[in-house]
Number of protein chains: 2
Amino acid sequence: MKPTAKQVAHAAGVSLSAVSRAFAPDGSLDPDKKKRILALAHAMGYVSPARRTAEAIARNTITLVTGDLLNPFYPMVLDMLARQLQAVGRQLLVYALPGGVGVDAVTDQILAARPSGIIVTSAQLTSRMTRACHQHRIRVVLMNRIQRDIRIPAVTCDNYGGGRDAAALLLSRGRQRIGFVAGLADTSTHTERARGFRDMLNEAGQSPYLQADGAFSYQAAHTAVSEMIAGQRQPDALFCCNDIMALGAIDAVKARGMRPGEDIAIVGFDDIPMAAWGAYRLSTIRQPVETMVRETVNLLLDEADTPPEEGGLRIVPGKLIIRASA
Amino acid sequence: MKPTAKQVAHAAGVSLSAVSRAFAPDGSLDPDKKKRILALAHAMGYVSPARRTAEAIARNTITLVTGDLLNPFYPMVLDMLARQLQAVGRQLLVYALPGGVGVDAVTDQILAARPSGIIVTSAQLTSRMTRACHQHRIRVVLMNRIQRDIRIPAVTCDNYGGGRDAAALLLSRGRQRIGFVAGLADTSTHTERARGFRDMLNEAGQSPYLQADGAFSYQAAHTAVSEMIAGQRQPDALFCCNDIMALGAIDAVKARGMRPGEDIAIVGFDDIPMAAWGAYRLSTIRQPVETMVRETVNLLLDEADTPPEEGGLRIVPGKLIIRASA
DNA sequence: TACCGTGGTGAAATTCTTTCAAGGATCGCG
DNA sequence: CGCGATCCTTGAAAGAATTTCACCACGGTA
């Protein structure tokens with residue numbers, strides 16, 4: 001049976017009032033005693049009624065942990081997510097992490113809100129957070145990310161396949177010196193796309209001609225590609241790990257007086273709105289954002305407790321969009 | 001003195017249990033009676049304890065109502081806001097409204113969460129919502145928006161001054177046939193910028209040469225400007241009501257084989273990241289996002305209850321950024 | 001030493017929720 | 001039409017948690 005405050009009080013050898021005060025935010029109580037009571041209550045599985053209602057309220061909020069809202073791909077996701085959750089009456093809490101910050105920095109803040117689910121599109125999950133979420137029965141879904149070291153459901157585009165498609169497109173255009181503009185090495189979006197790209201190239205008897213480090217940002221990619229094409233070895237094509245980097249690459253190529261799509265073919269990944277803009281006309285792999293968000297929401301809200309090993313990983317295919325840049 | 005459930009029960013002529021059940025989410029109670037009790041309780045100023053704790057929990061969340069996350073200006077705001085709120089331990093709830101939808105559609109959902117404050121960057125506020133918020137002591141701040149019909153604190157860039165600056169820049173470049181690319185007529189960002197632009201032109205003895213309807217979107221602006229410059233009357237400059245429209249205009253101009261900044265000078269408004277990109281080099285009025293967000297947060301969190309008439313309106317100046325397009 | 005003021009504490013009062021059992025309505029079935 | 005069976009509603013009463021109150025111990029101060 002559900003333990004009551006009285007039982008906790010008895011077990012701790014204090015009065016009922018003391019237990020009540022231990023859970024009140026401004027209860028006047030000896031700190032040591034308070035800590036002891038809280039620990040005991042936790043061990044006995046007692047939850048204060050205030051906490052219970054709090055959890056009931058929070059039950060319909062979903063927390064999104066994202067970084068890098070300046071990459072237009074994430075606003076697309078956020079927009080879609082907000083609409084879909086709104087439609088089913090859920091609330092959306094947003095955490096934007098400054099670049100390079102791990103989730104751990106805000107783990108406590110996030111958990112304090114007791115959301116019913118968490119979507120992580122950026123930052124590395126730590127096993128500490130995973131454990132805490134499991135303990136509180138908070139579902140976590142990785143989106144646009146995979147983490148091999150932790151068993152968590154994840155929804156992602158077929159990054160490996162997309163990498164292959166991109167390489168295949170460039171090969172089909174007869175390109176011989178295909179370079180690669182890298183994102184951040186510790187992300188699955190980077191590693192998978194890179195792997196697919198590399199594999200396809202290898203199968204065609206080629207290998208990446210050059211590599212530049214674009215750090216998933218326009219500026220870094222612009223700089224890196226500028227330096228690359230100012231060097232001795234000239235690539236005749238570039239696969240950029242995402243679209244903003246591809247746009248930076250295109251501008252760098254143009255700035256040097258070369259023509260994207262002719263002198264240097266360029267392929268991106270994501271299909272952000274700007275990829276279709278007249279100045280770029282970027283060929284890219286479109287991520288099916290709506291489908292991905294829907295899958296994520298399903299995983300999160302599914303009433304049935306899907307066993308983690310089964311509902312593990314959903315990979316949705318991307319789609320090659322051919323415009324002028326390759 | 002604070003009314004108790006017993007008093008409400010007595011006043012309503014029902015038992016204490018009935019009152020308790022009226023507030024429970026799944027209380028079995030005659031709907032009519034429930035409504036009567038709730039109305040009476042409200043009139044007497046009674047709040048159920050569950051509701052009280054709920055309010056205490058929600059006290060540290062701020063709701064952002066935004067539209068159009070596909071205009072990169074809003075992700076900038078969102079990003080900044082998320083960081084600033086995170087830093088002070090507040091939560092950020094996000095509502096993204098589909099274009100054209102009024103707040104009323106989600107008013108109930110928003111109010112149900114009982115945030116301590118609401119920031120509205122899009123959509124028209126209705127007096128109904130304003131009244132409801134006032135009643136629940138939820139602060140509302142308009143950001144990047146002004147509404148003359150409702151007395152609410154607002155933070156906005158000096159849109160009028162920015163419009164003047166844009167016009168002044170184009171005039172100083174010796175332009176004679178200055179066109180205007182409009183946003184949406186029912187927004188203060190549009191009307192204020194347009195007014196400033198017009199006033200400045202008039203003072204120089206000119207008036208807008210042509211007008212196109214860009215609806216604050218890249219696509220619409222691209223189409224509208226394409227049509228405009230395909231017509232008989234050729235503008236030699238364009239002031240676009242925001243940056244994405246300006247980028248659409250630039251691409252339209254280029255597509256017709258003309259050179260932005262030379263054949264047609266173009267000025268935007270916002271200074272979104274893409275404005276600095278190599279393909280555009282857009283001259284624009286920069287909105288000081290960080291300052292605006294800080295002001296907004298201050299208004300929202302300020303402990304002292306600033307009288308609404310005094311703390312009314314904060315207008316922060318924009319800054320003219322000159323690049324290649326004008 | 002006497003005299004506050006402060007903060008911790010349990011008993012008891014208060015307040016709210018939940019259970020329980022008693023009607024009363026509705027519905028299916030003979 | 002009659003007869004249960006079932007479900008919903010409801011107040012009384014029991015139970016749970018919070019808050020008040022009085023008390024006590026412990027400084028600091030005159």
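Each chain gets a letter, A, B and so on, in the order the sequences are listed, and its residues count up from 1. In this text, all values refer to a predicted model and were calculated from it rather than measured experimentally.
Rounding to the nearest 0.5 Å places CD of B/Gln287 at 4.0 Å from CZ of B/Phe73. Distance CD1/B/Ile62 to CG/B/Leu300: 4.0 Å, rounded to 0.5 Å. The CD1 atom of B/Ile37 sits 11.0 Å away from atom CG of B/Asp32, with the distance rounded to the nearest 0.5 Å. Put simply, CG on B/Asp79 and CD on B/Glu290 are 11.0 Å apart, with the number rounded to the nearest 0.5 Å.
Put simply, CD1 on A/Ile37 is 12 Å from C1' on C/dG8, counting in whole angstrom units. Atom-to-atom, CG of A/Asp30 to C1' of C/dG10 comes out at 15 Å; the value is rounded to the nearest Å. Atom NE2 of B/His10 and atom P of C/dT15 are 15 Å apart (whole Å).
With sequence neighbours excluded, the residues satisfying side-chain contact (heavy atoms from CB on, under 4.5 Å) with A/Leu70 are A/Asp68, B/Met76.
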* Asked: What string of B, S and - do you get for nucleotides 13-23 of chain D, 5' to 3', if B is base contact, S is sugar-phosphate-only contact and - is no contact with any protein heavy atom under 4.0 Å?
  -> B--SSBBB---

